[in-house]
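Input: a single structure, listed below in C-alpha cells.
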Amino acid sequence: MSRVVHEFTATVPRWAPYVTPVELDKATPEQRDAMQITPSSKGISPYVLTLAHDPESLKVRSPLFNTIMYGKGGLSSAERELGAVAASIVNSCVYCVAVHASRFNQLTKRPEVMETIFAGGVAAELEDHHQAIFDFAVKLSQSPPAAGPAEIAALRDIGLSEVEILDLILSASIFGWANRLMHTLGEPVRD
C-alpha cells in the first residue's frame, strides 16, 4: 500500500501523478520531440510524461531547467542544489527536497549538511558558506523583496561572484515554479 510522504529526507520517493501521463507509445510527434530533449539515463519519468501534455512548454522548460541547474561555470553544482533544497523546503515540496538533497550529498559526500537542514528547517544552522547560500535562497523563496542588498552583500562576503549570485537566484527561483508544478500535478509516495 502507498502512503503519501510528508517528511523531508534525501531518500527519493516515487512521484504519483494526479493527471494521467502521456503514454509514450501513443505520444504525438510533437510530444516525442519535446521529451527527447529531456536528458535522463533512467528513461522518461512520469513527471516529464505528464508535462508532455503541453509539448510546446516542455520543449522550452527542459533546456531552461537543465541550463540553470547543470550549466558549466558560475555557481558549483552542489551550491545550486543547496539553493534548490532551500526553496523546496520553503515550498514544502518533499519530492524536490529529496531529489536535490540526494544530489547535494552525492556531489559533496557531506550528508550531515542535509541532516542539519532536515532537523532545523529554514532555521538550520550551517557553516558560514552554506549558511549564506541557504539563507539567501530561503528569503528569496519566502518573499523575493526580503532578499535584498544586505543578503547580496552576505553572498559577496563569502566570495561569490556576480555570476555565482545570479546562478543562485536562478536555481532557487526556478524551484518556486517547479515545486508548484509538482504539488498540483501529483504527490510523493512510498510503496
Side-chain angles (χ1 to χ4, degrees), residues 5-10 15 38 47-48 50-51 54 56-105 107-108 113-114 116-188:
V5 181
H6 295 287
E7 69 279 354
F8 294 127
T9 173
W15 183 76
T38 304
Y47 180 63
V48 170
T50 302
L51 294 178
D54 183 355
E56 188 176 352
S57 294
L58 179 60
K59 195 168 185 171
V60 174
R61 174 250 178 229
S62 296
L64 176 64
F65 182 89
N66 291 334
T67 299
I68 289 171
M69 292 306 295
Y70 309 116
K72 303 296 181 217
L75 198 63
S76 76
S77 294
E79 292 165 331
R80 292 173 202 227
E81 299 295 345
L82 181 58
V85 167
S88 298
I89 284 178
V90 168
N91 295 316
S92 299
C93 189
V94 171
Y95 183 85
C96 291
V97 167
V99 168
H100 297 282
S102 174
R103 179 91 172 115
F104 177 91
N105 290 347
L107 291 167
T108 65
V113 174
M114 288 299 138
T116 300
I117 291 170
F118 298 155
V122 296
E125 294 183 16
L126 308 167
E127 62 187 52
D128 290 346
H129 189 85
H130 288 145
Q131 191 75 58
I133 291 169
F134 183 75
D135 287 349
F136 180 85
V138 164
K139 283 187 177 185
L140 181 66
S141 300
Q142 289 173 329
S143 173
E151 289 71 26
I152 296 287
L155 295 174
R156 287 187 184 115
D157 288 348
I158 62 164
L160 294 190
S161 69
E162 300 304 303
V163 170
E164 290 169 320
I165 293 168
L166 179 59
D167 285 346
L168 177 58
I169 292 167
L170 292 172
S171 65
S173 296
I174 200 162
F175 276 86
W177 179 51
N179 297 154
R180 283 159 181 79
L181 284 173
M182 296 297 293
H183 282 304
T184 56
L185 293 174
E187 64 188 353

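Keep in mind it's a predicted model, so treat the numbers as computed, not measured.
- For the pair Gln131 (side chain) and Leu126 (backbone), a donor-acceptor distance under 3.5 Å is present.
- To the nearest 0.5 Å, atoms CD1 (Ile158) and CD1 (Ile165) are separated by 8.5 Å.
- The shortest heavy-atom contact between Ala84 and Met69 is CB-CE, 4.0 Å.
- Within the 3.5 Å criterion, the main-chain N or O of Lys59 finds no donor-acceptor partner in the side chain of Ser62.
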task: Show your working on side-chain contact (heavy atoms from CB on, under 4.5 Å) between Arg80 and Asp167 and close with a plain yes or no.
output: CA-CA 7 Å; Arg80 292 173 202 227; Asp167 285 346; 3.1 Å; yes
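- Counting only heavy atoms from C-beta outward, the side chains of Tyr47 and Leu181 approach each other to under 4.5 Å.
- Using a 4.5 Å cut-off on side-chain heavy atoms (C-beta onward), Ile133 and His129 make contact.
- Residues Ile68 and Leu64 have side chains in contact (heavy-atom distance under 4.5 Å, counting atoms from C-beta outward).
- The two residues Phe136 and Ala147 make their nearest non-hydrogen contact at CE1-CB, 3.6 Å.
- Residue Asn91 comes nearest to Gly176 through the heavy atom pair ND2-CA, 3.9 Å, listed as atom of the first residue, atom of the second, then distance.
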message: Apply side-chain contact (heavy atoms from CB on, under 4.5 Å) to residues Leu82 and Ile117 and explain how you reach the verdict.
response: CA-CA 10 Å; Leu82 181 58; Ile117 291 170; 3.6 Å; yes
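- At least one side-chain heavy atom of Val122 sits under 4.5 Å from a side-chain heavy atom of Val90.
- Under the 4.5 Å side-chain criterion, counting only non-hydrogen atoms from C-beta, Ile169 is in contact with Leu140.
- For the atom pair CZ of Arg180 and SG of Cys93, the computed distance is 10.0 Å after rounding to the nearest 0.5 Å.
- The two residues Ala132 and Ala154 come nearest to each other via the heavy atoms CB-O, 4.1 Å.
- Between the side chains of His130 and Glu79, no donor-acceptor pair of N or O atoms lies under 3.5 Å.
- Counting only heavy atoms from C-beta outward, the side chains of Glu187 and Trp15 never approach each other to under 4.5 Å.
- Taking CZ from Phe8 and OG from Ser88, the interatomic distance works out to 8.0 Å, rounded to the nearest 0.5 Å.
- Val138 and Ala86 make their closest contact through CG2-CB, 3.9 Å (heavy atoms, listed as atom of the first residue, atom of the second, distance).
- Separating the SG atom in Cys96 from the CE atom in Met182 is a distance of 5.0 Å, to the nearest 0.5 Å.
- Listed by first and then second residue, the salt bridge (Lys or Arg N to Asp or Glu O under 4.0 Å) pairs that reach into residues 121-131 are Arg110-Glu127, sequence neighbours excluded.
- Between the CG atom in Leu75 and the OG atom in Ser161 there is a gap of 8.5 Å [rounded to 0.5 Å].
- Aromatic ring centroids of His100 and Phe175 lie under 6.0 Å apart.
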- request: Take Val94 and Glu7, measure what side-chain contact (heavy atoms from CB on, under 4.5 Å) needs, and give me the verdict at the end.
  value: CA-CA 7 Å; Val94 171; Glu7 69 279 354; over 6 Å; no
message: Let's go through Asp135 and Glu151 carefully: what are the C-alpha distance in whole Å and the side-chain angles of both, what is the deciding distance for side-chain contact (heavy atoms from CB on, under 4.5 Å) to 0.1 Å, and is it a yes or a no?
response: CA-CA 8 Å; Asp135 287 349; Glu151 289 71 26; over 6 Å; no
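- Across Phe118 and Ala10, no two heavy atoms sit closer than the pair CE1-N, 3.5 Å.
- The CZ atom of Phe65 lies 11.0 Å from the OG1 atom of Thr67; values are rounded to the nearest 0.5 Å.
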